[in-house]
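Hydrogens, waters and symmetry mates are skipped; everything else that's a heavy atom, side chains included, is used. Letters go in sequence order (proteins before strands), and every chain restarts at 1.
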Amino acid sequence: MSLDTATVRRVASLARIRVEEDELPRLQSELNGILGWIEQLQAVNTDGVEPMAGGGTQALRLREDRVTDGGIQQQVLANAPDAGPEGAAVFFSVPKVVE
Amino acid sequence: MTAPTDFTIAEARTALAKRELSATELTQAHLLTIEALNPRLNAYITVTPEVALQQAKAADAALAKGEAGPLTGIPLAIKDLFCTAGTRTTAASKILGNFVPPYESTVTANLLRDGAVFLGKANLDEFAMGSSNATSAFGGVENPWKRTGDDTVLVPGGSSGGSAAAVAARLALGATATDTGGSIRQPAAFCGIAGIKPTYGRVSRFGTVAFASSLDQAGPMARTVEDCAILLGSMAGFDPKDSTSAQMAVPDFAAACARGVKGLRIGIPKEYRVPGMPAEIEALWQQGIAMLKDAGAEPVEISLPHTQYALPTYYIVAPAEASSNLARYDGVRFGLREEGSDLKDLYERTRRAGFGDEVRRRILIGTYVLSAGYYDAYYLKAQKVRALIKRDFDEAWGKVDAILAPATPSAAFGQGEMQDDPVAMYLIDVFTVTANLAGIPGLTVPTGLDSKGLPLGLQILGKPFDEETVFAVGSALERAANFTATPSVRAAA
């Protein structure tokens, strides 16, 4: 499987990463280099093998459904990009999304 | 008397307990070394002298009252991937360049509970993605070791390159690090120090910037195996804030170092003899086998048949998880923001400006292998091969108690070498990546020098949650190898 320019552009859009037109050829060749190398996995017989999803063998723990945190609005907003020098943000702002 | 910066952690604890020097003096000696050498080595992204001296003062007060903890007054470097409340945490990325966490990671909280002193935040590859520390947005790190008669700047390895260089050059007594595909064990080998990636679940991931969540595991680096055991004893333990944290007691790792290896069966995996491996690495491995045999262990040849597929498996699983984890960096709630014409444009410009080349490459690979139509061919396939790699180890544990293998296929290389071909760089992790995929512990021990005077390490792999045997074997190897060489760039003794 080899990626064409249109696919690289589509994947970048899915990943929400801006790619300039002049960056596309190099990126395309790097990604194809990596994918070509990964291709060797197709040679492994994995019939009937259960996929391994996590890093450990222990079952994930359930916890009690109760509030354990909160009332920390200042801390949550402290790193907001538009917090200003006083850290005075009271909400997160984004460009207008409703016309 | 030993210079304070040359102490092992075990020695420093004794000296502090006997009041031969104060925690403040020990911290100041390290801060002076950092001031002298960090501008050159770039091992720390952020140095925190005020925080360190305050913690040292508290340590002296605790020592005076006879209330010292296991790490009271021990100065450490903290990889800049662990959130530290009130101290900038960057992950070596522009996108987190101004991020000041309002909370503490569990690992650093545990170390503070036990009295440690934090000298600063150590450099790394951006988001821990790299094997040479070259992808850091804050510049590369210089390996304190030099080839004999040659001043070429060498890389410290990665991703925990700053941690490794800081410990090797005496800019800290020990360091925290993380290992997703070899990021503790490979830089430890390149810098002539010890480092352990524990079993997945042994150390909490809470508050550690995530790269690939099913592979990431934090661990210590230090100049001796025993020091690693002391640090891991503090870092490890059950944490309700990490759903994959193991509900298991933390054994006395330091005590396990003295156990010896009499009667232990040590697996020698034949598939780790890879094509093109330098004769020096093979010779080092044979020496290691002989050393453990002399100490009473029995070498047993084993087979791990899926070893050759570990790296391509890793380069599907890790980027897939990274593309998901790094989706949170959107320029809205924290970190860098680049304004855009609409919300999607803001996301795209922010992520283009904030992530470096390697991180963007991995996000794109991850997005592709998870995308509709390719998920089964790549991601599901990789998860199945991962299961086979783990099964290889499970079968080996029926025959052996631990495994001995090289840590890296070469010694440290020059800055600028290997940077043009992403796949060539990926191959450096050939011996380390299997432990992450299988979730097992792995310890690097400095074992010898190559013909150019650079350190080489061997690696001990163990059964899940059997770090004790790994430490026992590592200590036996350390005693036999008697590695006393020191890097040419380090604190003046």
Structural part of [X] lying under 4.5 Å from a heavy atom of chain B:
X	value
A:Glu20	neither
A:Leu27	side chain
A:Thr7	side chain
A:Arg61	both
A:Val44	both
A:Glu30	side chain

Assess, by modelled atom type and distance only, whether the side chains of [X] and [Y] contain a donor and an acceptor separated by less than 3.5 Å.
X	Y	value
B:Glu321	B:Ser213	no
B:Arg386	B:Ser214	yes
B:Asp216	B:Thr178	no

Contact part of [X] toward chain A, heavy-atom cut-off under 4.5 Å: side chain, backbone, both or neither?
X	answer
B:Leu370	neither
B:Asp357	side chain
B:Tyr314	neither
B:Tyr103	neither
B:Leu311	both
B:Asn98	backbone
B:Thr350	neither
B:Leu215	neither
B:Ser323	neither
B:Val423	side chain
B:Asp394	neither
B:Gln247	both
B:Ala382	both

Exercise for review: Report the C-alpha separation of B:Lys241 and B:Ser204 in whole Å, then their side-chain angles, then the decisive distance to 0.1 Å, and conclude whether the side-chain hydrogen bond (donor to acceptor under 3.5 Å, both in side chains) test is met.
Suggested key: CA-CA 8 Å; B:Lys241 288 187 240 175; B:Ser204 168; over 6 Å; no
**Study point:** B:Phe334 backbone acceptor or donor facing A:Asn79 side chain under 3.5 Å
**Key:**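 Between the backbone of B:Phe334 and the side chain of A:Asn79 there is no qualifying donor-acceptor contact (under 3.5 Å).
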Point to revise | NZ-CD distance between B:Lys94 and B:Glu126, expressed to the nearest 0.5 angstrom | key: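 Between B:Lys94 NZ and B:Glu126 CD, I get 9.5 Å after rounding to 0.5 Å.
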Practice item. Any chance you could measure B:Thr180, atom OG1, to B:Gln217, atom CD, to the nearest 0.5 Å? Key: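 The distance works out to 9.5 Å.
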Check your understanding: Quick one: of A:Thr68, A:Val11, A:Ile72, A:Leu41, who has the most non-hydrogen atom pairs under 4.5 Å with chain B?
Key ->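 Of the options given, most contacts go to A:Leu41.
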Check your understanding: Applying the side chain to side chain contact (heavy atoms under 4.5 Å, CB included) test to A:Arg16, which of B:Arg349, B:Arg351, B:Arg352 qualifies?
Key ->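 Option passing the side chain to side chain contact (heavy atoms under 4.5 Å, CB included) with A:Arg16: B:Arg351.
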Option in [options] with maximal non-hydrogen atom pairs under 4.5 Å from chain A:
options	result
B:Leu346, B:Thr313, B:Leu380	B:Thr313
B:Val100, B:Ile363, B:Thr244	B:Val100
B:Arg333, B:Glu339, B:Arg391	B:Arg333
B:Lys390, B:His306, B:Arg360, B:Lys344	B:Lys344
B:Ile316, B:Leu336, B:Thr199, B:Asn436	B:Ile316

Exercise for review: Please indicate whether A:Glu50 has more than 12 foreign heavy atoms, meaning atoms of other residues, nucleotides or ligands, lying under 6.0 Å from its CD.
Suggested key: no
**Study point:** Results of ring pair (Phe, Tyr, Trp, His ring centres under 6.0 Å) for B:Phe238 - residues two or more places apart only
**Key:** none
Review point. Yes or no on side chain to side chain contact (heavy atoms under 4.5 Å, CB included) for B:Tyr368 and A:Leu31, after CA distance, side-chain angles and deciding distance?
Key: CA-CA 10 Å; B:Tyr368 178 68; A:Leu31 296 182; over 6 Å; no
Check your understanding: Between B:Tyr329 and B:Phe127, does the ring centroid distance fall short of 6.0 Å?
Key ->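 Under 6.0 Å, so yes.
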Which atom of [X] lies closest to which atom of [Y], heavy atoms considered:
X	Y	value
B:Glu104	B:Ala85	OE1-N, 3.0 Å
A:Val67	A:Asp69	CG1-O, 3.1 Å
B:Pro198	B:Val203	CG-CG2, 3.9 Å

